[in-house]
Amino acid sequence: MPDKLALPSEDFRAMAAAAVDFLAAYFDGLRTMPVVVPTTSRAIRERIDEPLPLHGADFMVLMDTVRDVFSQYSRHSAHPRMFGYVASPGTAVTAVSHMLAAAMNINVTAWRSAPSAADLERLTIDWLKQMLGYPPEAGGLLLSGGSMANFAGLAVARTAKAGAEVVREGVAAARRRMCVYVSAESHYSVAKAAGMLGLGEANVREVKTDDSLHMDLADLERLVDAGRAAGHLPLCVVANAGTTATGAFDPLSEVADFARRNDLWMHVDAAYGGFAALAPSARHLFAGIEQADSIALDPHKWLYAPVGCGCVLYKDPAAARAAFAHGADYTRTIGLKDDEAFAFWDYGPELTRPFRALDLWMLIKFVGTERLGQAIEENIACAKYFAELVKRSDDFEMLAPVELSVFCFRHVPKGFSGDLDAYNEKLLVKVQCAGSTYLSNARVGGKFALRGCVLNYRTTKEDMAQVLEDVREAASSL
Ligand SMILES: *Cc1c(COP(=O)(O)O)cnc(C)c1O
């Protein structure tokens, strides 16, 4: 029996080959699979439950379980009609880069721990800045996702506007309520971050939106003035570069002007929409983003990167150090200076960090930004085409404008006079169970919407037409 830990290289080769064979067939079969098959937690547990294993099992038996349980009972993110939430399909090249990173297991805490990986991360951050037109002197780092990126942005905003003593003494040192302004369409991770940072979720003030769900600047001004008059400290405004519910893009230049005039930190939540900067038709929306103090991005959304890759950018890296640098003796970099003394722990909440930059570098360098931008453009075109199909139909209606690749709509059967919200809710569950198309939901202007987000380079216009057919089919069985 070979040692299962210090595995002989021929066994390792056989395992990797079996895994790649499985994945190649998986990619080939995606289009003919259901997006998800209905099941229960109990049914899954019956397939996998066993006492703590004492002796190791054969790898090929494990692969059978991967195929027959984990793959079979998944909602397939890579399926061309997986439109729910904001689901990245992943890519073949990052499947390989992920394995390489995991095998080398480089811990990217600092340059000293990971010389080439640290430099590569700084290079990929430079590339992300270039995609957005963000200034070259800006800094940033990769982290687990958009929620952590919003957290990091707000943490830096807090020290920048309330003073570094809040890190040491706590938020009471500010002696005032610190307020964060978001649009009513913002992602809840912003409020969650405010809770975790001790700012308080109740101090995240919701700014009204206009008919297109963009932040209403007059309402922002009213709220900030009211906060000041009440003796609060207006800290930060969070603008959306693509909301999760509908893809609405706040007017970044106007928000930036307002933030500058009112001494507010400007954070842009571009977790969903950020990489639309690569699509020529969406580029104009990004005017003004270069003025943001911090930006949250999610390569694991619209850059098709594997789950677990978010990014925060800071216009002034020194402001991030004020929030995160700690100087414990066991992390002190002795005998190194400048670029070699660089440590990611001074710029974000994590210490041990995976080699996320390898995924990004392989993806961007292998595919190229031209093809990535084209794929993103096609996703937008698919969503716009869907809106056209809905407008031409007499049994559907759009509930929000298509600004990026999100489409919100509902079924309005001819002659229907009941509760459309309740009807479409039931319809959604039917569509999800049928497995050909997966949609999620949103509330738009108080109405229940069927919601989809095109985020997959495999999705075609035929798929968009199929969505309407699948919804009609589900409706006929209600
Ligand atoms: C998805 C999303 C987030 C949260 O990002 P995670 O990577 O899921 O943590 C934040 N903001 C917006 C606009 C999002 O779409």
Side-chain angles (χ1 to χ4, degrees), residues 88-98 100-101 106 108 110-111 114-146 148-149 152-153 241-242 252 268-280 282-283 285-317 320 339 342 344 347-348 350 353-377 379 455 457:
S88 163
T91 63
V93 66
T94 50
V96 175
S97 61
H98 228 59
L100 293 169
I106 294 167
V108 194
W111 189 88
S116 59
D119 276 323
L120 187 61
E121 182 158 339
R122 290 188 288 188
L123 172 67
T124 52
I125 292 288
D126 284 344
W127 286 354
L128 299 185
K129 284 164 11 193
Q130 287 168 35
M131 289 179 190
L132 294 179
Y134 207 46
E137 59 281 7
L141 76 169
L142 303 175
L143 26 70
S144 63
M148 278 315 286
L252 300 183
V268 176
D269 184 352
Y272 156 54
F275 296 102
L278 293 175
R283 185 72 219 176
L285 297 167
F286 289 81
I289 199 163
E290 70 286 349
Q291 299 178 65
D293 295 297
S294 55
I295 305 176
L297 284 172
D298 253 345
H300 73 197
K301 285 180 171 165
W302 220 347
L303 209 56
Y304 314 118
V307 165
C309 188
C311 170
V312 62
L313 299 177
Y314 309 112
K315 187 172 210 175
D316 173 15
D339 284 346
F342 180 87
F344 289 101
Y347 298 90
E350 297 175 330
R353 299 162 68 251
F355 191 4
R356 299 179 177 106
L358 188 65
D359 290 333
L360 272 190
W361 176 79
M362 276 217 171
L363 176 66
I364 296 168
K365 198 164 162 69
F366 179 70
V367 180
T369 50
E370 185 178 60
R371 172 71 185 111
L372 287 165
Q374 180 195 40
I376 293 164
E377 192 73 89
N379 293 162
L455 213 81
Y457 45 83

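Counting only heavy atoms from C-beta outward, the side chains of Tyr134 and Leu128 never approach each other to under 4.5 Å. The side-chain heavy atoms of Leu132 and Leu313, taken from C-beta on, include a pair separated by under 4.5 Å. In this structure the side chain of Leu360 reaches within 4.5 angstrom of the side chain of Cys309, judged on heavy atoms. By the 4.5 Å heavy-atom criterion applied to side chains, His300 and Ser144 are not counted as neighbours. Taking the side chain as every heavy atom from C-beta outward, Asn379 and Tyr304 approach each other to under 4.5 Å. Side chains of Phe355 and Ser97 form no contact here, defined as non-hydrogen atoms less than 4.5 Å apart. Cys311 has its side chain within reach of Ile125: a pair of non-hydrogen atoms, C-beta onward, lies under 4.5 Å apart.
For the atom pair OG of Ser116 and CG of Leu123, the computed distance is 12.0 Å after rounding to the nearest 0.5 Å. Here the straight-line distance linking atom OG1 of Thr124 with atom CE of Met362 works out to 13.0 Å at 0.5 Å rounding. Here CH2 of Trp361 is found 14.5 Å from CD of Glu121. Values are rounded to the nearest 0.5 Å. The CD atom of Gln374 lies 10.5 Å from the CD1 atom of Ile376; values are rounded to the nearest 0.5 Å. With values rounded to the nearest 0.5 angstrom, Phe275 atom CZ is found 11.0 Å from Leu455 atom CG.
The heavy-atom pair separating Val108 from Ala117 by the smallest distance is CG2-CB, 3.9 Å. The two residues Val312 and Ala149 make their nearest non-hydrogen contact at CG2-O, 3.8 Å. Minimum interatomic distance between Ser294 and Gly153 (heavy atoms only, all atoms of both residues): OG-CA, 3.9 Å. What you find for Pro317 and Ala138 is that their closest heavy atoms are CG-C, 4.1 Å. Closest heavy-atom contact between Trp302 and Ala276: CZ3-CB, 3.8 Å. The two atoms that bring Ala296 and Gly146 nearest to each other are CB-O, 4.4 Å, heavy atoms only.
By the side chain to side chain contact (heavy atoms under 4.5 Å, CB included) test, Ala241 is found to be paired with Phe249, Val268, Ala270, residues two or more places apart in sequence or in another chain being considered. In this structure, the salt bridge (Lys or Arg N to Asp or Glu O under 4.0 Å) partners of Asp126, at least two apart in sequence or on a different chain, are Lys129. Scanning for side-chain hydrogen bond (donor to acceptor under 3.5 Å, both in side chains) contacts around Thr94 gives Thr91, with sequence neighbours left out. Listed by chain and residue number, nothing satisfies the side-chain hydrogen bond (donor to acceptor under 3.5 Å, both in side chains) test with Gln130 (two or more places apart in sequence, or in another chain). Contacts of Ala320 classified as side chain to side chain contact (heavy atoms under 4.5 Å, CB included), with partners at least two apart in sequence or in another chain: Val156, Tyr314, Tyr347. Under the rule for a side-chain hydrogen bond (donor to acceptor under 3.5 Å, both in side chains), the partners of Trp111 that lie at least two apart in sequence or sit in another chain are Asp119. With sequence neighbours left out, Thr369 forms a side chain to side chain contact (heavy atoms under 4.5 Å, CB included) with Met131, Leu278, Ile364. For Glu290, the salt bridge (Lys or Arg N to Asp or Glu O under 4.0 Å) criterion is met by no residue, not counting sequence neighbours. For the side chain to side chain contact (heavy atoms under 4.5 Å, CB included) test, residues two or more places apart in sequence or in another chain that qualify with Arg283 are Ala277. Residues passing the side-chain hydrogen bond (donor to acceptor under 3.5 Å, both in side chains) test with Asp269 are Asn150, sequence neighbours excluded.
Using modelled atom types, no side-chain atom of Arg353 and backbone atom of Phe344 make a donor-acceptor pair closer than 3.5 Å. Looking only at distances, no side-chain donor or acceptor of Glu350 sits under 3.5 Å from a matching main-chain atom of Leu143.
For the salt bridge (Lys or Arg N to Asp or Glu O under 4.0 Å) condition, the pairs that include at least one residue of residues 293-307, sequence neighbours left out, are Asp298-Lys301. Evaluation of the salt bridge (Lys or Arg N to Asp or Glu O under 4.0 Å) test over residues 361-373, restricted to residues two or more places apart or in two chains, returns none.
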